[in-house]
Amino acid sequence: MIESEIERRWWKEAVVYQIYPRSFNDTDGDGVGDLPGIVEKVDYLDDLGIDVVWLNPVYESPNADNGYDVSDYRAIMDEFGGMADWEELSKALHERDMRLIMDLVVNHTSDEHEWFVRSREDDPEYGEFYWWREGVDSGGVEWTSEEGPDGEAPPNGWQSIFGGPAWAYDETREAWYLHLFDRKQPDLHWRNPAVREAIYEMMEWWLEKGVDGFRLDAIAHLGKAEGLPTDLDEPMNGTMKHAGNDPRVHEYLTEMNERVLSRELLTVGEVGTSTVPDEDAHAYLDPERDGLSMLVHFEHVNIDREDSIYEPGEWTLPELKSVLDRWDGLTEEEGWVAQYLSNHDQPRQVSRFGSETYRRESAKLLGTLLHTLRGTPFVYQGEELGMTNYPWTSLSEFEDVATRNPVERAIERGDVESFEEVREAVAAESRDNGRTPVQWTDGENAGFTDGEPWIGINPDKETVNAAAAREDPDSVWHYYRELISLRSDDEVGDLVVYGEYEQLTPEHESLWIYTRTFEGERLLVALNFSDGRTTIDLPTDAVDAGVTADLLLANYAIEGAVTAVGDLADLVLRPWEARVYHVDAE
Ligand code: GLC
């Protein structure tokens, strides 16, 4: 890669920190995090060195899906504070040269949004804002619903992503409406130009308030295939096939790009389908088309997922590598990708892709990976502390609809006998693992709240907490600071951000070695993904053994100097050891 070939963008050079406000920091003692709680921690974020905050939804919402069911896009949820608090947060971040992006939830609204309230009354202006359909004769189809008039089945056989039919019956309008997520999240009818206008206006409103971009929630589902076809042979009766990456999504986003977006904004598209075809990835990222800055795809976080949350899944390192390698290839010429292993929809990365036995080492190794792959690293709150999954013991401890619904339904159907039978899988996979509060101290409620926390606090707060981590120079937190500072480093910044990626060990079960190359300089990254020792196995032709190697970063104390690449051959890496060397490319 040479200078003239790269497209420099501020958001490629940035590190994004994701805040799930409910679980970040509570200042008013109601057990739920709030905006003043984030303001209180702005210096913490600044010390960590991050560049952008992505705020999960803070809009007014009845909280059927923790804010992803918006009832007013221009107001702040009471529990989180008010617009003045949001403004203060925006000011506090911008004063410290940090930017702020908002979650844009526009595949659906809450059923309590005024648009829906008027739509269900068939108001002339809002009647077609949602997907209203007549039911069908239940005798003629293979799907049913527990609701609706006798003898009637939903308009098609689609299934909700959160379990059960994707249609709910509305008594007022006497018709069915589509909801790909919870029944309190009716899908907006994007084919209706008035819907699109209303969304663009709302986006403009936030841009005028000074936001630096958006994370576009569930964007792959905006388009729905003509006729809403059911495919009984497909998973979820064809829901994802016909309402995931449907070509219409690119028409809508191209229009949004022309009307509202610009390359100066950070726009992160969440594409949650199990795979993203090449042509869709290119369309989302092409500046002349949808023009999104980068994608959050799910392909790597799906490698250990079966059809349901209660089926245990396995992953292997070669699979993880092959997915992330594919995305590097897809975005080699154009486009960009968000690098993440955890967020509010995923378990904690240490417990899932690392090792709780080697918590500290593996947290650092996973961080090394995310910060030295090509793409923008996303740090999810608590990741910088090496937070782990919660020790769930009963179904009632979970708050998440996407955890409770499918398990309760499976028990009702008799597919699963009791929670105990599936506890291990559910505990490992639930989104609530990522939603337990940030552990600030080892004190009561981990310093998160003075009240009763809305969800359990991990008992490992005794050792895993921000106060202890900041005192300890060897902590995950200090290591993350170093990782975060790499992108703005005078010497290696360009290499870390723009360097070309090359995989050297695609098949190895526990070793991942790769290089990043930019203008005659190279990084060599060696990671041991195992609780055991692994001997480095470096392809002899990949890098010249005589070349000088300078250690840039490592998660263990290194004894015995490595001064040339050749010294790395046959070196034994300790459990979850990560090393980054700076070497010459020629
Ligand atoms: C996205 C969000 C998730 C939410 C869903 C519905 O996947 O990340 O938390 O439940 O969209 O809005």
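Order of appearance sets the numbers: ligands from 1, and atoms from 1 within every ligand. Index from 1, following the sequence.
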Close-contact set for ligand 1 against His108 heavy atoms, below 4.0 Å: 6 (C), 12 (O)
Heavy-atom nearest neighbour in the protein, as seen from atom 1 (C) of ligand 1, with distance rounded to 0.1 Å: Asp217 OD1, 2.7 Å
Residue from Asp290, Thr267, Asn245 passing side chain to side chain donor-acceptor pair (under 3.5 Å) with Tyr284: Asn245
Under-4.0 Å heavy-atom contact with ligand 1, by part of His221 that carries it: neither
Charged N-O contact under 4.0 Å between Arg435 and Asp400: yes
Proximity to ligand 1 by part of Arg435, non-hydrogen separation under 4.0 Å: side chain
Atoms of ligand 1, numbered as shown, that sit under 4.0 Å from any heavy atom of Arg431: 3 (C), 4 (C), 9 (O), 10 (O)
Lys12 NZ/CZ over Trp336 ring centroid, <6.0 Å and within 45° of normal: yes
Ion pair Arg183/Asp69, N-O distance below 4.0 Å: no
Steps toward ring-ring contact (aromatic ring centres under 6.0 Å, His included) verdict (His113, Tyr73): CA-CA 9 Å; His113 193 289; Tyr73 290 106; 5.5 Å; yes
Side chain, backbone, both or neither: Tyr20 near ligand 1, heavy atoms under 4.0 Å: neither
Protein contact to atom 4 (C) of ligand 1 [nearest heavy atom, distance to 0.1 Å]: Asp65 OD2, 3.3 Å
Closest protein heavy atom to atom 7 (O) of ligand 1, given as residue, atom name and distance to 0.1 Å: Glu270 OE2, 2.8 Å
Carboxylate-amine/guanidinium proximity below 4.0 Å for Arg413 and Asp415: yes
Numbering as shown, the atoms of ligand 1 that approach His344 to under 4.0 Å (heavy-atom distance): 2 (C), 3 (C), 8 (O), 9 (O)
Shortest protein contact, atom 8 (O) of ligand 1 (heavy atom only): Asp345 OD2, 2.4 Å
Salt-bridge criterion met for Glu128 and Arg173 (N-O under 4.0 Å): yes
Reported CZ-to-CZ distance for the pair Arg305 and Phe298, which is rounded to 0.5 angstrom: 10.0 Å
Interfacing atoms of ligand 1 (cut-off 4.0 Å, heavy-atom, Arg215): 2 (C), 8 (O)
Top protein contact for atom 5 (C) of ligand 1, by heavy-atom distance: Phe181 CE2, 3.7 Å
Candidate pair His179 and Trp167, rule ring-ring contact (aromatic ring centres under 6.0 Å, His included), full reasoning: CA-CA 6 Å; His179 61 88; Trp167 296 88; 8.4 Å; no
Per-atom contacts, ligand 1 versus Phe162 - under 4.0 Å to a heavy atom: 10 (O)
